[in-house]
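When a residue number appears, it is its place in the shown sequence, counting from 1.
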Amino acid sequence: MDRYLVFGHPVRHSKSPFIHTLFARQTQQELEYGLAEPAVDEFAQALRTFFDQGGKGCNVTVPFKEQAFTLVDRLSPRAKRAGAVNTIKLTDDGVLLGDNTDGAGLVADLKSHGVTLADSRILLLGAGGAARGALAPLLAELPSELVIANRTHTKAQQLAAEFCDLGPVTAQTYEQLAGPFDLVINSTSASLQGELPPLTPALIHTDIAIYDMMYGASDTAFISWAKQHGARQTMDGLGMLVEQAAEAFTVWRGIRPGTKQVLRELKRNLGVI
């Protein structure tokens, strides 16, 4: 039976085995999917061993995405742009192909919620790996403007300069931000600590769409804050998790699984519904 893994540290909390088991059942694919939590300095060896022992593919999560980028034989265009790899496939000719499905998962989830990206004004909070992976897929949707804001302004400037060939992307400090924005995406990890980006409540209005890449059994701190200030459409990253997994499954198996039922099952598993 074909074997797949998710590599991370820590990774025991991962819902990827649950998601991919449901995808396999839905598409009648014979595979098994497990977890691997090597020490931070042992990832490269663990990855080689997995494929040497017959592994077919894997997902890669924190903190190994940038390292995986350097370890594969070939990169997809979107992985090159992201500077990180979250999906690896062993091709028929023995090549390790590195891909990045995070941004595609984000865009697919936004569209599933009816969010219009074309001609919209988007604010992206954060300039780390999550933001980097999202930029090219977001710009491909032809927004009117995409603004990056980050606590360290120079990082936002560097990221905007790197992606400006793909569309109208600029960097601003939090103090410079002026609305209205149609969509605000929080790619920072602040919600994991129950913290908030330093965003003024004046940017929140009733017609804005709010998206937090983090998720939990209850609203994240950022979503709670946005609701308190009048945002009516708020979304967390659970749908993105399922959509990026579906994209990875498609890379591996050549068949696209449905995501709606799997997302419902995942929410039940987490106690969200």
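Between N150 and G126, the closest heavy-atom pair is OD1-CA, 3.5 Å. C164 and V169 get closest at one heavy-atom pair: CA-CG1, 3.5 Å. The shortest non-hydrogen separation linking M235 to A209 is CE-CB, 4.0 Å. The two residues A79 and F69 have their closest heavy-atom pair at O-CE1, 3.3 Å. S187 approaches A131 most closely through the heavy-atom pair OG-CB, 3.5 Å. Closest approach of A246 and T259 over heavy atoms only: CB-CG2, 3.6 Å.
A side-chain donor from one of E265 and Q261 sits under 3.5 Å from a side-chain acceptor of the other. Judged by distance alone, the side chains of S76 and D99 do bring a donor and an acceptor atom under 3.5 Å apart. Neither side chain, Q53 nor T49, offers a donor N or O lying under 3.5 Å from an acceptor on the other.
By the 4.0 Å N-to-carboxylate-O rule, R132 lies too far from E66 to be salt-bridged with it. Between E42 and R48, none of the side-chain N atoms (NZ, or NE/NH1/NH2) sits under 4.0 Å from a carboxylate O, so this pair counts as no salt bridge.
More than 12 heavy-atom neighbours from other residues, nucleotides or ligands sit within 6.0 angstrom of CD on Q193. The 12-atom threshold is exceeded at CG of D93, counting heavy atoms of other residues, nucleotides or ligands nearer than 6.0 Å.
Considering OG of S112 and NZ of K260, their distance stands at 7.5 Å, rounded to 0.5 Å. One distance of note links CG of L241 with OG of S14; it measures 7.0 Å at 0.5 Å rounding. To the nearest 0.5 Å, atoms CG (L270) and OG (S218) are separated by 11.0 Å. To the nearest 0.5 Å, the span separating CG on L183 from CG on L117 amounts to 6.5 Å. From L123, atom CG reaches atom CD of Q172 across 8.0 Å, with rounding to the nearest 0.5 Å. Rounded to the nearest 0.5 Å, atoms OG (S189) and CE (M213) are 12.0 Å apart.
Here the side chain of K227 pairs no donor or acceptor atom with the backbone of T234 at under 3.5 angstrom. A donor-acceptor distance shorter than 3.5 angstrom exists from the side chain of R232 to the backbone of T206, with no hydrogens or angles considered. With R121 contributing its side chain and S144 its backbone, the two residues share no donor-acceptor pair below 3.5 Å. Under a 3.5 Å cut-off, the side chain of Q26 and the backbone N or O of G258 do form a donor-acceptor pair. Judged by distance alone, the side chain of T21 and the main-chain N or O of F18 form no donor-acceptor pair under 3.5 Å. A donor-acceptor contact shorter than 3.5 Å links the side chain of E37 to the backbone of V11. Side-chain atoms of N100 do not come within 3.5 Å of backbone N or O of R78 as any donor-acceptor pair. A distance-only check finds no donor-acceptor pair linking the side chain of N86 to the backbone of N59 [under 3.5 Å]. Looking only at distances, no side-chain donor or acceptor of D236 sits under 3.5 Å from a matching main-chain atom of M214.
Using a 4.5 Å heavy-atom cutoff, the side chains of P197 and N186 are in contact. Considering only heavy atoms from C-beta on, T87 stays 4.5 Å or farther from E247 through its side chain. Residues V184 and L203 have side chains not in contact (no heavy-atom distance under 4.5 Å, counting atoms from C-beta outward). Side chains of V107 and L138 form a contact here, defined as non-hydrogen atoms less than 4.5 Å apart. Looking at heavy atoms from C-beta onward, T91 lies in side-chain contact with R74 at the 4.5 angstrom threshold. Between I19 and Y33 there is no side-chain heavy-atom pair separated by less than 4.5 Å. Taking 4.5 Å as the limit, some side-chain heavy atom of W225 sits within range of a side-chain heavy atom of H229. When side chains are defined from C-beta on, K56 does not count as touching L31, because their heavy atoms never get closer than 4.5 Å.
Under the 4.5 Å side-chain heavy-atom criterion for ILVMFWY residues, a single connected hydrophobic cluster contains both L5 and L96. No single ILVMFWY cluster, assembled from side-chain heavy atoms under 4.5 Å apart, contains both M240 and I210. V115 is connected to L124 through a chain of hydrophobic side-chain contacts under 4.5 Å among Ile, Leu, Val, Met, Phe, Trp and Tyr, so both are in one cluster. There is no path of hydrophobic side-chain contacts, each under 4.5 Å, that joins F23 to I88. Y174 and L159 are assigned to two separate hydrophobic clusters, defined by single-linkage of ILVMFWY side chains at heavy-atom distances under 4.5 Å.
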Take E243 and K111 through the salt bridge (Lys or Arg N to Asp or Glu O under 4.0 Å) test and state the conclusion after the steps. CA-CA 11 Å; E243 293 291 350; K111 289 182 175 180; over 6 Å; no
For S16 and Y4, run side-chain contact (heavy atoms from CB on, under 4.5 Å): C-alpha distance rounded to whole Å, both residues' side-chain angles, the deciding distance at 0.1 Å, then the answer. CA-CA 10 Å; S16 292; Y4 297 84; over 6 Å; no
Is there a side-chain contact (heavy atoms from CB on, under 4.5 Å) between Q67 and L47? Walk through the geometry before answering. CA-CA 11 Å; Q67 192 176 351; L47 187 70; over 6 Å; no
Given side-chain contact (heavy atoms from CB on, under 4.5 Å), test L135 with E162 step by step and report yes or no. CA-CA 10 Å; L135 274 168; E162 187 175 337; over 6 Å; no
Could you walk me through whether Q29 and I255 pass the side-chain contact (heavy atoms from CB on, under 4.5 Å) check? CA-CA 9 Å; Q29 296 285 297; I255 183 170; 4.2 Å; yes
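Note on ring orientation: taking the six-membered ring where Trp is involved, the planes of F249 and H20 are parallel (angle under 30°, cut-offs 30° and 60°). Taking the six-membered ring where the residue is Trp, F64 and F43 present parallel rings, their angle staying beneath 30° rather than reaching 60°.
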